[in-house]
Amino acid sequence: MADWPAVQRTERTDGIVRRQRGRTALASLVAAALVTAAATACGGPFQDLGPLPPRFSGPPLPADAVVSEMTSVLAAEGITVARQPSEVLGRCTERLMGRHAAGTVDSALRAAVERARSEHGWQAGPDLGSGALTLTKGNWTALTALPAPDPGQGVESLVIVSLTCVDGGSPAATTPSAPAPTSS
């Protein structure tokens, strides 16, 4: 009888362990059911919908054409700019820089943007706030920041137009590939 309390504790412990295992098994089944339900419900967004649409429509525009067009639009509003050499390797960027009278630079830039949209087919670009004007056309985005309201007495405002392309328009991308030779 001396061993009876040890046997009783073991049976009691076995009952507790069985209940814990039962709860764990039940919790595992519930978790598996929830994961299965979530995977079924979220299965739609993970379906393959095919390739992404192109980032721009039409053929890529050459840098010279875009620079020439933007320079003429700005010149029509009295802003003279010069093309600056691109210093970024591996990216398709251009920069136009010039100076304009401080009192009229804001209105001249806004008029140039409207002229580019109405006469040359540029579209409104992403909204970057009231201090920047953006346009997009084909694979190009044009960005200019409106200068400070008063740069100083008799000082002309600096005008910078940054042009960035989405796709460099490499010769391989713009030229149709030649058909593969066939053997007879």
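Small disclaimer: the values here were computed from a predicted structure and weren't measured.
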Derivation of the side-chain contact (heavy atoms from CB on, under 4.5 Å) call for W122 and T134: CA-CA 10 Å; W122 287 81; T134 59; over 6 Å; no
Using side-chain heavy atoms (C-beta onward) and a distance below 4.5 Å, is L96 in contact with L163? yes
Among all residues two or more places apart in sequence or in another chain, which pass the side-chain hydrogen bond (donor to acceptor under 3.5 Å, both in side chains) test with D64? R83
So, D106 side chain and L146 main chain: donor-acceptor pair closer than 3.5 Å or not? no
For a 4.5 angstrom cut-off between non-hydrogen side-chain atoms, does W140 reach C92? yes
Check K137 with E69, please: is the shortest side-chain N to carboxylate O separation under 4.0 Å? yes
Audit row: H120, V73, side-chain contact (heavy atoms from CB on, under 4.5 Å) steps and yes/no: CA-CA 9 Å; H120 297 278; V73 165; 3.3 Å; yes
Minimal heavy-atom distance between N139 and P60, with the atoms involved, is ND2-CB, 3.5 Å
Shortest non-hydrogen contact from D127 toward G129: OD1-N, 3.1 Å
How long is the straight-line distance from OG1 of T136 back to CZ of R117, given to the nearest 0.5 Å? 9.5 Å
Would you indicate whether the side-chain heavy atoms of R115 and E77 approach each other to under 4.5 Å? yes
Pairwise side chain to side chain donor-acceptor pair (under 3.5 Å) hits with a residue in residues 19-34, at least two apart: none
If you link I, L, V, M, F, W and Y whenever their side-chain heavy atoms are under 4.5 Å apart, who else ends up in the same group as L158? M97, I160
Are L143 and T164 close enough, and set up right, to give a side-chain contact (heavy atoms from CB on, under 4.5 Å), and what steps lead you there? CA-CA 8 Å; L143 167 70; T164 307; over 6 Å; no
So L133 and L109, side-chain contact (heavy atoms from CB on, under 4.5 Å) or not? Walk me through it. CA-CA 8 Å; L133 302 172; L109 281 172; 4.2 Å; yes
Can you name the closest pair of heavy atoms from A116 and L135 and give their distance? CB-CD1, 3.8 Å
Taking C-beta and beyond as the side chain, do V161 and E94 meet within less than 4.5 Å on heavy atoms? no
Could you tell me whether the side chain of H100 and the main chain of G78 form a donor-acceptor pair under 3.5 Å? yes
